[in-house]
Amino acid sequence: MRSLLTLGTTLVLAVVLAGAGIVVSRYVDRSEHAALDDRLKRTAELSRETAVAAFRQELPPGDRRLDNVLSATGTSLRLLLDRKQVLASGQPPPRGRPAPRVGLHTFEAGGERYRSYAISLDALGGLARLEVTTGLRPVERKLSELNRRLLAFGAAALLVAALGVWFAADLLLRPLRRLRTATSGIAGTEDLDRRVPGDDGPAELRSLAASFNEMLARLGRSAADRERALAATRRFTADAGHELRTPLTSVQATLSALSRHPGMPGAQRAEMVSDALAENRRLVDLLEGLQALARGDSGPLEHTEVDFADLVGVAVAAARSRHPGVTWSCALPEEAVVVRGWEPGLRILVDNLVENAARHGGGAVSVTLSADGPALFVDDDGVGVAADERERIFEPFVRANGTTAPGSGLGLALVGQQVRAHEATVEVETSALGGARFGVRF
């Protein structure tokens, strides 16, 4: 980047200097030629009367009177009549030059370039011309010297500018090299907790470093979340295998015993079949719970406006029919309580909360829905949940210590999953009934 920056800046400066040099050279060229033309015109005008008088007085060829008006070295003056030279002064006119014409003209003769100015002498009549001629070598020499100096100055300026840009770019890009070194170190070690220095260099580099650090932070969080998800997946797989193995082993043992003892008494056979059916129901419950967890984790689901009060009422009625021995209390608002969410997921949340209260309570369950929030509270009169277990119980296959009621260990995990999916919160407290109070706030 430093080389490209130096090369680009030098090229731009070279174009600018070349353009400026051309403009200066042309301006000086025009100025010198204009000065020369003005001198030729003034010389011709000053020589007009003297040339006429000299012609009329028939001065000898060696008379140098006209030299007094020729102040420029290398200037020649001649008087022509009918294209024949009748009087000359100053430097000899160049050989091979063309016939004079009135006005300013440039011509070549003898391998050199000349500039001439001719005027008509009406006092002598005919084709009388007075011509002043001077060589262009001094002007051209001066312009050549100017062009060489401009070229030398431009080359020196480009060299100084290139060196200046090189060292300036080195200073400016030094923070960027440190940033590159830091990022290379992070890439090599895969240490997402490291950060690049963000307080060095110009504002653009500081902004770049800040953006890179934000990206590292997001990647670090993503990596941590991925590790936690992998760990949870491994733990979930191990727990699921353990939980499924138990009923499968029990059913296999029962079927094996029945196969080995075909003459088993009917009462004992019926009892073993009943145990096998119970284990099979437990296995089905586990599979349904796992399926529900997978469905909840499958990705974004369509959210609609749901009458949560009606949904809670239906869920409590279904639980009352499943647990007729439990005393139920349900307090719902008269107006609709609208919650935006996935209706099957909300039903899973409520079903598992009331089912958990019915199984682990002492025989009384209270369900209260508040329109403020809204918030759902489920109370039971069981033994409650210890304070150090109130977060663990929402993990798959985790059950509170001392729990003897049947269950898969997935109900509250489903509750936690749906709480997160609906951006709600769940808290476990001690109920006024003496047991546990689960509160979900949307």
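All values below were derived from every heavy atom in this structure, side-chain atoms included, with hydrogens, water molecules and symmetry-related copies excluded.
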Quick one, V354 and W328 - any side-chain contact, counting heavy atoms below 4.5 Å?
yes
Nearest-0.5 Å distance, CD of residue Q417 to CZ of residue F394
13.0 Å
R269 to G263 - nearest heavy-atom pair and separation
NH2-N, 4.4 Å
Under 3.5 Å: donor-acceptor pair, side chain of S274, backbone of A270:
no
Would you say E45 has more than 12 foreign heavy atoms packed within less than 6.0 Å of its CD?
yes
How far apart are the closest heavy atoms of S25 and N147, and which atoms are they?
OG-OD1, 2.8 Å
What residues form a ring-ring contact (aromatic ring centres under 6.0 Å, His included) with F442, not counting sequence neighbours?
F308
Quick one: are V338 and V306 in side-chain contact, heavy atoms under 4.5 Å?
no
Distance (rounded to the nearest 0.5 Å) between L151 CG and L146 CG:
11.0 Å
Determine whether V350 and L346 make a side-chain contact, defined as any pair of heavy atoms from C-beta on separated by less than 4.5 Å.
no
S256 and R260: CA distance, side-chain angles, deciding distance, side-chain hydrogen bond (donor to acceptor under 3.5 Å, both in side chains) verdict
CA-CA 6 Å; S256 177; R260 291 196 307 269; 2.4 Å; yes
What are the two closest heavy atoms between A371 and P333, and how far apart are they?
N-CG, 4.2 Å
Provide the closest heavy-atom pair for L17 versus G154 in the form atom of the first, atom of the second, distance.
CD1-O, 3.8 Å
Would R390 and E427 satisfy side chain to side chain contact (heavy atoms under 4.5 Å, CB included), going step by step from the backbone distance to the final call?
CA-CA 8 Å; R390 290 177 179 177; E427 295 179 351; over 6 Å; no
Under the side chain to side chain contact (heavy atoms under 4.5 Å, CB included) criterion, do V24 and L150 qualify, and how do the steps go?
CA-CA 9 Å; V24 170; L150 288 176; 4.1 Å; yes
So do E32 and V28 actually touch side chain to side chain, heavy atoms under 4.5 Å?
yes
State whether the side chain of D381 and the backbone N or O of G362 hold a donor-acceptor pair below 3.5 Å, judged by distance alone.
yes
Would you find a donor on one side and an acceptor on the other, under 3.5 Å apart, between the side chain of R320 and the backbone of V326?
no
If only side-chain N and O atoms count, and only distance matters, is there a donor-acceptor pair under 3.5 Å linking D29 with H33?
yes
In sequence, state the C-alpha distance, the side-chain angles, and the governing distance for V440 and L349, and then conclude on side chain to side chain contact (heavy atoms under 4.5 Å, CB included).
CA-CA 9 Å; V440 177; L349 186 153; 4.3 Å; yes
Here the pair of heavy atoms bringing Y114 nearest to A109 is CE1-O, 3.4 Å
Check step by step if salt bridge (Lys or Arg N to Asp or Glu O under 4.0 Å) holds for E145 and R149.
CA-CA 6 Å; E145 181 65 21; R149 292 184 178 182; 3.2 Å; yes
Quick one: closest heavy-atom pair of V102 and H105, and the distance?
O-NE2, 3.3 Å
Any side-chain heavy atom of H422 sitting closer than 4.5 Å to one from H303?
yes
Rounded distance (nearest 0.5 Å) linking atom CG of L158 with atom OG1 of T10:
6.5 Å
Counting distance only, does the side-chain N/O of T9 pair as donor-acceptor with the main-chain N or O of T6 below 3.5 Å?
no
Straight-line distance of E140 CD to E112 CD, nearest 0.5 Å
9.0 Å
In chain order, what residues pass the side-chain hydrogen bond (donor to acceptor under 3.5 Å, both in side chains) check against H323, with sequence neighbours excluded?
E355
Atom pair CG (L36) and NZ (K41), whose distance is rounded to the nearest 0.5 Å:
11.0 Å
Donor-acceptor pair, S259 side chain versus L255 backbone, under 3.5 Å?
no
The residue among T430, D379, D380 that forms side chain to side chain donor-acceptor pair (under 3.5 Å) with R437 is D379
Please assess R115 against T106 for the test side-chain hydrogen bond (donor to acceptor under 3.5 Å, both in side chains), listing each intermediate value before the final yes or no.
CA-CA 5 Å; R115 186 74 167 169; T106 300; 2.6 Å; yes
Side chain proximity check, L412 to F438, heavy atoms < 4.5 angstrom
yes
Side-chain contact test, heavy atoms from C-beta onward, threshold under 4.5 Å: evaluate it for R347 versus V314 and give yes or no.
yes
To the nearest 0.5 Å, tell me how far L136 CG sits from L143 CG.
10.0 Å
Would L332 and D310 count as a side chain to side chain contact (heavy atoms under 4.5 Å, CB included) here? Give the steps.
CA-CA 9 Å; L332 302 176; D310 181 67; over 6 Å; no
Tell me, do L311 and D307 make a side-chain contact under 4.5 Å, heavy atoms counted?
no
